[in-house]
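First the structure, in the form of structure tokens, and then the observations on it.
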Amino acid sequence: MKFGVFLYQPEPVEGVDYNFYRIKPESGTVGKPNPKMYTNIACFGDNALAAKRPEWISMSKDGPALRTNKKYSLRWDVLCMTNPEVREYNLKLIAECAKTTPGISISSQHFAERDFCVCPRCVEQWRQSGLNWVDWRAKTVTDFLKEVREIVKGKPLFVNCLPDPLLGKVRFGYDFEAMAEYADYFVIPMFSKAYPTPWYWETIARGYRSFLKKPVFVNFYVRGPNETWETVAPTRQIMTVATRAARTGIDGIIFLAEKAQYIEEFQKKAVADKEWRKELEGYGGDEVLELFNRWEKMLKA
Ligand SMILES: [Zn+2]
């Protein structure tokens, strides 16, 4: 198994295989690539562009793809994915980062939800395709991924998919079989401010692992932006959910934090909790326990 971190600031941490820098998270802010870190780009989830160009926001019969639209549970504002300007803007950033950094990770490279997008351009493209609604949307998502693949030549491409292994195609346009042709790795974000019930996360991980044709990573939430240690899961919960997910046969685990310092604090807390490391023995997630052992040696050195 491999391990990584998913950070909002361009400073890497020690003790993991992959450092991802969120150069453009869904807030829409854009940083500078760090050649030492893999680059994550949120494509069509973009609060900044949605505010600047409201005519680019994806549409449904039940209103726009905005966080304020309570018909949907959107965690960010979503732009129409057939908008040529938005596509070009993202592809240009991806190309620039692919040149200077070790690999690319893309997020929100899909439709907002099942009823999106019914803007005149999308409806016209759907009609011309001759496909049914679900298949047209899936083809649109796969075609975008194919374009990304063509510009991320010879470097690893991580594709993030929301944690719905059952209705991913209908809701977001994921054709997992087709996407596996272009993705090197799938990453399933499993973000939560608490993990008191690992059973559900383990179920989602096992479900995805059962059919995805490329290596699968999951991503757990340690401490995102605008959080304190009091507003996020206790370290023991994250240690447990990681150990439990590890036994499902997934290929890697990523930990999200706003910055390196929070991962370093998480590493220290996990290493110091010898009682809980002992408790987690026997679950079948030994590779996570070995990670804690490696962190212990690293912190002593
Ligand atoms: Zn549209």
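Whatever order the structure lists ligands and atoms in, that order sets their numbers, starting from 1.
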Is the distance between the ring centroids of Tyr185 and Phe158 under 6.0 Å? yes
Please find out if less than 6.0 Å separates the ring center of Phe255 from that of Phe266. yes
NZ/NE/NH1/NH2 to OD/OE distance under 4.0 Å, [X] and [Y]:
X      : Y      : value
Arg209 : Asp251 : yes
Glu275 : Lys278 : no
Glu177 : Lys213 : yes
Asp273 : Arg236 : yes

May I ask you to determine how many protein N/O/S atoms are under 2.8 Å from the Zn ion (ligand 1)? 4
